[in-house]
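Everything below concerns the one structure shown next.
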Protein chains: 2
Amino acid sequence: MAGRGTKKIENPGKKQALADFKVGVDNVIFSVDNEQNRLLVLLVMRDDEPFSGQWCLPGTLVRKGESLEDAAYRILAEKIKVKNLYLEQLYSFGGPGRDPREAPDSFGVRYLSVSYFAIVRFGEAELIADGVSGIAWYPIQQIPQLAFDHNKILEYGYRRLRNKLEYSPVAFDVLPEVFTLNDLYQFYTTILGENFSDYSNFRSRLLKLGFLSDTGVKVSRGAGRPASLYRFDAEAFAPLKDKPLVFI
Amino acid sequence: MAGRGTKKIENPGKKQALADFKVGVDNVIFSVDNEQNRLLVLLVMRDDEPFSGQWCLPGTLVRKGESLEDAAYRILAEKIKVKNLYLEQLYSFGGPGRDPREAPDSFGVRYLSVSYFAIVRFGEAELIADGVSGIAWYPIQQIPQLAFDHNKILEYGYRRLRNKLEYSPVAFDVLPEVFTLNDLYQFYTTILGENFSDYSNFRSRLLKLGFLSDTGVKVSRGAGRPASLYRFDAEAFAPLKDKPLVFI
DNA sequence: GCAAAAGTGTTTGATGTACACCCATGC
DNA sequence: GCATGGGTGTACATCAAACACTTTTGC
């Protein structure tokens, strides 16, 4: 347990020396490419040491007077233009030695990472290339080796995403205003994998919940019968907010 | 957004000044008094400023070389003697201004709290009174006004506890080695409230899952038919580990 | 015997699963 | 017409809710 007992007592009679921290915020930003049915994660290329030239999650260090969530939004705003998104805190990773900058010659400052999980609407998400560092959407199956412990953070975020999808209406924060039931189904399928549920059962379950309203507008995509466009009805959903929903 | 733009640039041409943090760990420690069927939370009395003389969650500041989780275990070990427990990270609260010590005369250091959620076996949990500060189990319905934002943290932990109970076998980390099905039922009832489920249905659901093994030993408590003592069978549970269980 | 607690079973309605099938469109 | 995707309906198994009933103990 962290070398207790063997450590020099720095404040004799009082507590042991406290660690000094910088706090970073790292975002796991997901998006669903509904053309190609791929789940994407936003990565940026580091251009400072350590890990210069390696991909990592977009992150930043928290500034004076800035809340954790503000910092999370700030990174997002620096990297992509987006109107609709869902964001929540994920987990805090703070063991000693997780950042090489913690070397003794940097005054023993520790780096703690508070990670956030976000999902953004793909269609309107516009990457901001600052001309210096790389930035790209990576399909979840093709994530390279990332800097720091970011693979672990990403793994954690991916698990949260899949859980979230099952009992919460995040999908509607991130789908277009209107969508066909098949769009919705594809969305779930690309995240949860094939055969998470039969389409027709998915359909009737969702419709029975009563917060999808048929706009009456039909849309045709190539061959086949045109599909109805639906809209998420926030008011009809409100009473279900705290109930244990199942979208499966 | 945290006064951006109006703030003095302290490193002209580079980023704005970073915040310096001390990181605290605060534990929401639950236990279930199976005699009186009460859900308890461990509180300690602060004897330093700020908030001296007020109750708060047991917490500590993270020391050099110590991981977050180590710090969480350290507080636990300082406050109670306990062998069986469940512990997991809860959430990080880190907005500016959540700690009065952040006053400008203390060099602008921020205090971030990483909260942990724990549940311990009541029978063997022995409070350690250090003779200085108060320490006590408080029934969840009688929580007083706490220091800092600890009421919020506790509220968050309480919600997590109730959710956790529904799909995860935490109960068995915290019940005695052997227990009657009624003990188990009481445990759920004191946390989730009366009528979360009919006893006989609860019974058959749990038994059908197949990881409770009847020891054959009977125990009689006053009048009535003696009850069988059961044991949690970790091996039989293993294959169900990642399945979405429902203990309700 | 009787009260009290443990444990079993049964009935009923709701829900999930796996399909089969009909409908509207492009070509 | 027919392939294609959209949409509806049905049969079956499973499961939850409510409650009646039997068993085994203390007194």
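Here the structure is a predicted model, which is why all the values come from computation and not from measurement. Atom set for the values below is all heavy atoms of this structure, side chains included, hydrogens, waters and symmetry mates excluded. Below, chains carry the letters A, B, ... as their sequence lines are ordered, and counting in each starts from 1.
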For B/T190 and B/N37: C-alpha separation, side-chain torsions, deciding distance, then whether side chain to side chain donor-acceptor pair (under 3.5 Å) applies. CA-CA 6 Å; B/T190 60; B/N37 290 335; 5.4 Å; no

Output the rounded distance in Å from [atom1] ([X]) to [atom2] ([N]).
X      : N      : atom1 : atom2 : answer
A/L181 : D/dG5  : CG    : P     : 17 Å
B/R225 : D/dT24 : CZ    : P     : 5 Å
A/K208 : D/dG9  : NZ    : P     : 13 Å

inquiry  = What's the closest nucleotide to the side chain of B/D198 if the choices are D/dC15, D/dT24, D/dA18?
reply    =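 Between D/dC15, D/dT24, D/dA18, the one nearest the side chain of B/D198 would be D/dA18.
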
Taking D/dG7, D/dC19, D/dT8 as options, the one with an atom nearest any side-chain atom of B/N201 is D/dC19

Ranking A/S204 and A/P226 by the position along DNA chain D of their nearest nucleotide, the one closer to 5' is A/P226

- Could you tell me whether B/R221 and B/D183 have a side-chain N and a carboxylate O separated by less than 4.0 Å? yes

Would you be so kind as to tabulate the donor-acceptor pairs closer than 3.5 Å made by side chains of residues 133-140 of chain A, with sequence neighbours excluded?
unit_1	atom_1	unit_2	atom_2	d
A/S133	OG	A/D130	OD2	3.4
A/Y138	OH	A/W55	NE1	3.2

First and last nt of DNA chain C near chain B, cut-off under 4.0 Å to heavy atoms, 5' to 3', are C/dA4 to C/dG9

Ranking A/K218 and A/R205 by the position along DNA chain C of their nearest nucleotide, the one closer to 5' is A/R205

Practice item. For A/Y86, enumerate each residue passing the ring pair (Phe, Tyr, Trp, His ring centres under 6.0 Å) test, keeping only those at least two apart in sequence or located in another chain. Key: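 With neighbours one apart ignored, the set is empty.
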
Tell whether A/S200 reaches the base of D/dG9 with its side chain through a donor-acceptor pair below 3.5 angstrom. yes

- Task: Report yes or no: do A/S228 and A/D214 form a side-chain donor-acceptor pair below 3.5 Å?
- Result: yes

* Could you check whether B/R203 gets within reach of a base, just the sugar-phosphate, or nothing at all, counting any heavy atom under 4.0 Å? =>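 The answer is base, as B/R203 lies within the cut-off (heavy atoms under 4.0 Å) of a base atom.
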
task = Verify the ring-centre separation between A/Y185 and A/F196: is it less than 6.0 angstrom?
result =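 Between A/F196 and A/Y185, the centre distance is under 6.0 Å.
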
